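Okay, so here's the structure we're looking at.
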Amino acid sequence: MKHRIVVLGAGYAGAITAGRLAKRLHRDDVEITLVNADPDFVERVRMHQLASGQDLPARPLGEIFAGTGVQVRIARVTAVDVDCKSVDLTGETLGYDTLVYALGSTIADYAIPGVAAHTYNVAGKQAALRLRARLNELRPGETVLIVGGGLTSIEVAAEIAEARPDLDVAIAARGGVGDWLDEKAQRYLRGAFQRLGITVHEHADVTRVAANGVLTGTGTTIPAQMTVWTAGFTVHPIAAATTLAVSDTGRIVVDATLRSVSHPDVYAVGDAAHAEGVGGKPLRMGCATATPMAWQGADAIAARLTGRKVPDAPIGYASQCISLGRRDGIVQKVTPADQPTSTVITGRMGARIKELICASTAWSIAHPTMLVPSRRRHLVVTGDVAAQFVTR
Ligand SMILES: Cc1cc2nc3c(=O)[nH]c(=O)nc-3n(C[C@H](O)[C@H](O)[C@H](O)COP(=O)(O)OP(=O)(O)OC[C@H]3O[C@@H](n4cnc5c(N)ncnc54)[C@H](O)[C@@H]3O)c2cc1C
């Protein structure tokens, strides 16, 4: 009987995990199923590009994983039962021996009135295309307001301002915009906002959104013909509806090997996982986190199934890369605990580095069998449990 590994979600975390597992384990021993709602791999880190009018290549999951041993199932996950070890998909139930939960995240509206009815976002492909359609309707001089002060907000504002210089682009943020960056990066960012004509409303806590703008906590209104919500991300409620241990935000609590602290046959990777990194700080949601989580999670699963040493080094960071349109960017070098250092690369070089990272990540997903060297660990399964392991 083959050991059944089911990976839920084929974003960065799930797709990399599935590809790496296929490389690490022998297909005579394991059956790997990758479930995703969308038939394509979606490069989520480029959704601001899609939203502002650029076209992205289609990356069908069926083609990516053809011949790898990974079975792709296009279906929506509606529930997980970790006690019965099964997953409900639209119309069928899948059993598993090991589950990898990688369903990612979506926008957090913090129950602020008007967000659902009056805002656009870039959390996924459909949302980005909806934003794009609305952007195309705007006339010169009209205002697009981006709510949020984080990386996504900065990237969305810059991309739209570059693509549509005829529009007024503004950002409204509860605190500062990019204020966690090193001083040099902050100075550069302010200069870029000026060059792109982006107005920044800092310390503007948005409490209500209407069709014609937003209201802030101080009673001020910021008029806008279109509001884009980038104020935060949250996870889908599926994990929190199970008996899995989850954080107060619904992310699955995992150890350094990405294994659930409550259910040893469940792993979580990417935005859906709550793990501690270098220095004991929770890892932030990000592609920069999802990728090493996927490597470590896949390697840990393979190691446990093959009786190898399980990798458990905490995950650390190297940089934060911010695109400012297609020709400008900031690469902020950080410590492994994600603290900014004084090393900052800006301008065209910053844009090139960011592009290289995005393109190489997408390339590695599109070529799953190139991910790791070809030495495979062979798992021999007897009865219902992996009993004997050999390396070939
Ligand atoms: C515009 C934008 C720019 C970004 N830029 C950066 C950046 O520069 N650097 C960085 O580190 N991070 C960035 N991020 C964050 C990054 O994209 C996410 O952290 C990353 O995508 C998380 O990967 P994931 O695999 O956990 O989730 P996702 O990439 O969201 O993948 C989840 C997958 O699960 C599928 N799924 C969800 N629910 C279901 C269901 N019920 N049934 C079946 N399938 C389902 C989805 O279709 C998707 O394929 C950016 C995000 C956005 C939106």
Side-chain angles (χ1 to χ4, degrees), residues 6-18 34-52 56 59 61 72-80 87-90 94 100-107 120-128 131 146 148 150-160 228-230 232-239 241 251-252 258 268-275 283-294 297 317-324 329-332 334 338 350-351 353-355 357-358 361-362 365:
V6 173
V7 182
L8 304 182
Y12 293 94
I16 293 173
T17 304
L34 177 61
V35 181
N36 201 60
D38 197 301
D40 291 328
F41 167 69
V42 173
E43 273 188 274
R44 206 167 163 217
V45 301
R46 293 193 191 273
M47 287 302 101
H48 53 303
Q49 295 176 232
L50 184 68
S52 60
L56 304 177
R59 300 181 186 278
L61 290 164
V72 174
R73 189 76 61 89
I74 305 305
R76 182 159 286 281
V77 178
T78 52
V80 175
V87 177
D88 286 351
L89 310 179
T90 29
L94 270 186
V100 181
Y101 187 103
L103 292 181
S105 61
T106 184
I107 61 152
Y120 296 80
N121 69 76
V122 288
K125 191 169 68 181
Q126 294 314 322
L131 193 162
I146 291 102
L151 291 169
T152 310
S153 155
I154 295 168
E155 292 198 329
V156 169
E159 205 76 41
I160 293 177
V228 182
W229 193 257
T230 62
F233 291 95
T234 188
V235 292
H236 302 287
I238 293 173
R251 298 165 84 189
I252 298 172
L258 285 312
V269 286
D271 287 0
H274 174 96
L283 294 167
R284 65 182 150 90
M285 287 185 183
C287 183
T289 316
T291 303
M293 274 182 163
Y317 295 97
S319 60
Q320 290 182 16
C321 303
I322 311 171
S323 66
L324 299 168
I330 298 174
V331 176
Q332 166 73 72
V334 296
D338 213 21
I353 294 172
K354 166 94 201 219
E355 176 53 32
I357 291 171
C358 294
T361 306
I365 287 169

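Position 1 is the first residue of the sequence; numbering continues from there. Just so you know, these numbers come straight off a predicted model, no measurement behind them. As the structure lists them, so they are numbered: ligands from 1, and atoms in each ligand from 1.
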Review point. Checking salt bridge (Lys or Arg N to Asp or Glu O under 4.0 Å) for the pair Arg46/Glu159: CA distance, chi angles, key distance, verdict?
Key: CA-CA 10 Å; Arg46 293 193 191 273; Glu159 205 76 41; over 6 Å; no
Point to revise | Leu131 CG to Asn121 CG distance, which is reported to the nearest 0.5 Å | key: 7.5 Å
Review point. What is the distance from atom CG of Asp38 to atom CG of Leu61, rounded to the nearest 0.5 Å?
Key: 7.5 Å
Review point. Is the closest side-chain donor-acceptor distance between His48 and Ser323 under 3.5 Å?
Key: yes
When you check ligand 1 against the protein, what N or O pairs turn up below 3.5 Å? List the atom names and distances, or just say none.
from: ligand 1; atom 1: 8 (O); to: Lys354; atom 2: NZ; distance (Å): 2.4
from: ligand 1; atom 1: 11 (O); to: Cys287; atom 2: N; distance (Å): 2.8
from: ligand 1; atom 1: 11 (O); to: Ala288; atom 2: N; distance (Å): 2.8
from: ligand 1; atom 1: 12 (N); to: Cys287; atom 2: N; distance (Å): 2.9
from: ligand 1; atom 1: 19 (O); to: Asp271; atom 2: OD1; distance (Å): 2.8
from: ligand 1; atom 1: 19 (O); to: Asp271; atom 2: OD2; distance (Å): 3.2
from: ligand 1; atom 1: 19 (O); to: Gly286; atom 2: N; distance (Å): 3.0
from: ligand 1; atom 1: 19 (O); to: Cys287; atom 2: N; distance (Å): 3.3
from: ligand 1; atom 1: 25 (O); to: Tyr12; atom 2: N; distance (Å): 3.1
from: ligand 1; atom 1: 25 (O); to: Ala13; atom 2: N; distance (Å): 2.8
from: ligand 1; atom 1: 26 (O); to: Asp271; atom 2: N; distance (Å): 2.9
from: ligand 1; atom 1: 30 (O); to: Arg44; atom 2: NH1; distance (Å): 3.0
from: ligand 1; atom 1: 41 (N); to: Val77; atom 2: O; distance (Å): 3.0
from: ligand 1; atom 1: 42 (N); to: Val77; atom 2: N; distance (Å): 2.8
from: ligand 1; atom 1: 44 (N); to: Ala37; atom 2: N; distance (Å): 3.0
from: ligand 1; atom 1: 49 (O); to: Asn36; atom 2: OD1; distance (Å): 2.8
from: ligand 1; atom 1: 49 (O); to: Asn36; atom 2: ND2; distance (Å): 3.4

Exercise for review: Report the distance from atom CG of Leu103 to atom CG of Leu8, rounding to the nearest 0.5 Å.
Suggested key: 5.5 Å
Review point. Got a second to check how far His274's NE2 is from Leu283's CG, nearest 0.5 Å?
Key: 8.5 Å
